[in-house]
Amino acid sequence: MASKGFFNAFDDIWMLDGMRTPLVDYCGALGHISPTDLGIKAARAALERAAVPAAHINSVLTGNMAPGDFEQFMLPRHIGLYAGVPQDVPALMAQRICGTGFELFRQAGEQIESGCADVALVVGTESMTRNPIAAFEHRTGFKLGAPVGFKDYMWEALNDSAAGINMIQTAENLAKQYGITREEVDAFASSSFAKAVAAQQSGFHAGEIVPVVSENFALEGYATRAIKLQGKSSEVALDTHARISPVEVLAKLRSVYPGGVQTGGNSAALVDAAAAVVVTSGGYARAEGKKPLARVVAAAVVGVPPEIMGIGPAPAIRLLLERAGLTLDQIGRFEINEAQGAQTLSVGRELGLDLSKLNVNGGAIALGHPLACTGVRLTLTLAREMQRSHVRYGVSSACIGGGQGIALLLENPLAV
């Protein structure tokens, strides 16, 4: 595939640190919480972990795909203000569907390199549970005998009307193109679950999770926002979807389409979550005596045919490495979003990827894919894993509905 698209090389952009909420199953313990409040929680935790005063932030960059309440228009502003960022600091919401979280890093890099900011608060937040049941046809009323237009926003959003195809079918197309079998997809999914459980049991995931508790978010002179856990739970501290899932168990699940390879067990889990990081200029990091998690080296975004949108990470990674002057074997770790098992395996085959370097702490099949949060979560996890495994370079990436791919290149400052 031709390597065409956008490429950004960043000279001196750093990810200081970050935190995320647990990834909690759809309709679970976080399902009633506004994505704004999940974002505030993650933002406050990221600032605390990075030891950066909120007063130092001069750009707030957020991502959220589906409205989780009637306040989505204000989500970027409210996250910044309730995280303690000064009122005169602007806030922005970016949208690149499943690539949104990665796009936030790209925009932070561009803002910092252009001199617009020195310190950016990057927040991706998503409530899959609170995707609305929506209608767009009834502003002028309901006509006698006409169908009522209310539909499930999340389900309908999986469909690409231009290509007349949904996201699961795009993975089935790739499975056929790359000769990927149901057995291979189930084996890949089982491995993802096993790696996620191992990372959870070792405490690796806990190192980036801020427990969610009932609490108020006060802002002097303004309404108090809050997280209130329902039921008997006093704290939510663990990712909930990861579980040992043997191949023989996954094999019993019915495929979404007859004769297909994709099932509910080998596709990305639906979860609610938020993640946040602090991205700064090198000048700021050095002046404040910070030891960053990673350098953000470069970003790449490409377009691909909508009917095989899941292949997007392959040309994005190829462009990223070509323009950065690196080869695939120089990359020690990859975090590629597991939208569907066949999709991720297709990317691996297209690139000739060493799968032992891929999603070593589990992927979205096991942990979940909270759309706008995912890119922030994956990149934070990657940076932490690179330091743990002492590798110099890592790549985080995702496919994007409608036919795009996005990738980020990170460098471990401890391995230089």
Side-chain angles (χ1 to χ4, degrees), residues 3 7-18 49-50 101-102 104-106 108-110 112-113 120 122 195 198-199 202 204-205 207-208 275 277-286 288-302 313-337 344 347-348 350-363 374-398 405-416:
S3 297
F7 175 81
N8 299 86
F10 302 120
D11 290 331
D12 201 18
I13 305 298
W14 297 88
M15 183 201 316
L16 294 191
D17 216 324
R49 172 61 66 88
F102 306 92
L104 297 177
F105 282 93
R106 195 180 78 84
E110 286 189 340
I112 292 169
E113 288 218 326
V122 167
K195 290 184 288 188
S202 72
F204 177 80
H205 286 318
E208 65 192 33
V277 300
V278 179
V279 179
T280 76
S281 66
Y284 175 88
R286 289 184 288 272
E288 297 293 321
K290 301 296 185 184
K291 296 180 179 179
L293 273 180
R295 182 168 77 92
V296 182
V297 180
V301 192
V302 302
I317 291 170
R318 189 171 285 133
L319 174 62
L320 185 76
L321 298 183
E322 285 176 356
R323 296 290 297 276
L326 296 173
T327 59
L328 199 69
D329 60 3
Q330 288 179 277
I331 308 304
R333 290 289 184 269
F334 292 86
E335 286 286 337
I336 299 176
N337 186 43
T344 313
V347 171
E350 173 64 26
L351 289 173
L353 189 65
D354 178 356
L355 296 185
S356 70
K357 298 179 178 180
L358 173 65
N359 300 350
V360 299
N361 296 294
T374 288
V376 182
R377 198 284 294 176
L378 284 180
T379 307
L380 173 60
T381 298
L382 174 65
R384 296 180 60 249
E385 169 58 31
M386 288 167 61
Q387 291 209 350
R388 183 175 73 165
S389 57
H390 308 292
V391 301
R392 181 172 182 179
Y393 292 112
V395 168
S396 61
S397 184
I406 190 166
L408 298 177
L409 175 64
L410 301 186
E411 183 178 38
N412 176 6
L414 300 181
V416 176

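Remember, predicted model here, so these are calculated numbers, not experimental data. What you see below is based on every heavy atom in this structure, not just the backbone, and it leaves out hydrogens, waters and symmetry mates.
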List the residues meeting side-chain hydrogen bond (donor to acceptor under 3.5 Å, both in side chains) with [X], not counting sequence neighbours, and say none if there are none.
X	answer
Ser389	Glu385
Ser397	none
Asp329	Thr327
Thr374	His369

query = So do the side chains of Ile331 and Leu409 get within less than 4.5 Å of each other, counting heavy atoms only?
reply = yes
To the nearest 0.5 Å, tell me how far [X] [atom1] sits from [Y] [atom2].
X	Y	atom1	atom2	value
Leu293	Arg384	CG	CZ	8.0 Å
Tyr393	Met386	OH	CE	9.0 Å
Gln387	Leu410	CD	CG	10.5 Å
Leu382	Leu408	CG	CG	9.0 Å
Arg377	Asn337	CZ	CG	8.0 Å
Glu322	Leu328	CD	CG	11.0 Å

Smallest separation among heavy atoms of [X] and [Y], with atom names:
X	Y	value
Ala285	Leu16	CB-CD2, 4.1 Å
Asn361	His205	O-NE2, 3.0 Å
Leu320	Phe7	O-CE1, 3.7 Å
Ser396	Thr379	OG-OG1, 3.0 Å
Ala294	Ala383	CB-CB, 3.9 Å
Arg106	Asn8	NH1-OD1, 3.0 Å

ask   = Charged N to carboxylate O below 4.0 Å: is that the case for Arg318 and Glu350?
value = yes
ask   = Ion pair present between Arg286 and Asp12, side-chain N to carboxylate O less than 4.0 angstrom?
value = yes
note = Tested for side-chain contact (heavy atoms from CB on, under 4.5 Å) against Phe334, the lone hit among Leu355, Leu378, Leu353 is Leu353
CA sep, side-chain torsions, deciding dist, call: Ile112, Phe10, side chain to side chain contact (heavy atoms under 4.5 Å, CB included) = CA-CA 9 Å; Ile112 292 169; Phe10 302 120; over 6 Å; no
Is there a donor-acceptor pair closer than 3.5 Å between any side-chain N or O of [X] and the backbone N or O of [Y]?
X	Y	result
Glu335	Leu358	no
Lys195	Asn359	yes
Arg388	Phe204	no

ask   = Do Asn412 and Arg392 meet the criterion of a side-chain donor-acceptor pair at a distance under 3.5 Å?
value = no
message = For Arg295, give me all partners under side chain to side chain contact (heavy atoms under 4.5 Å, CB included), at least two apart in sequence or on another chain.
response = Trp14, Val297, Glu411
note = Applying ring-ring contact (aromatic ring centres under 6.0 Å, His included) to Tyr284 and not counting sequence neighbours gives His56
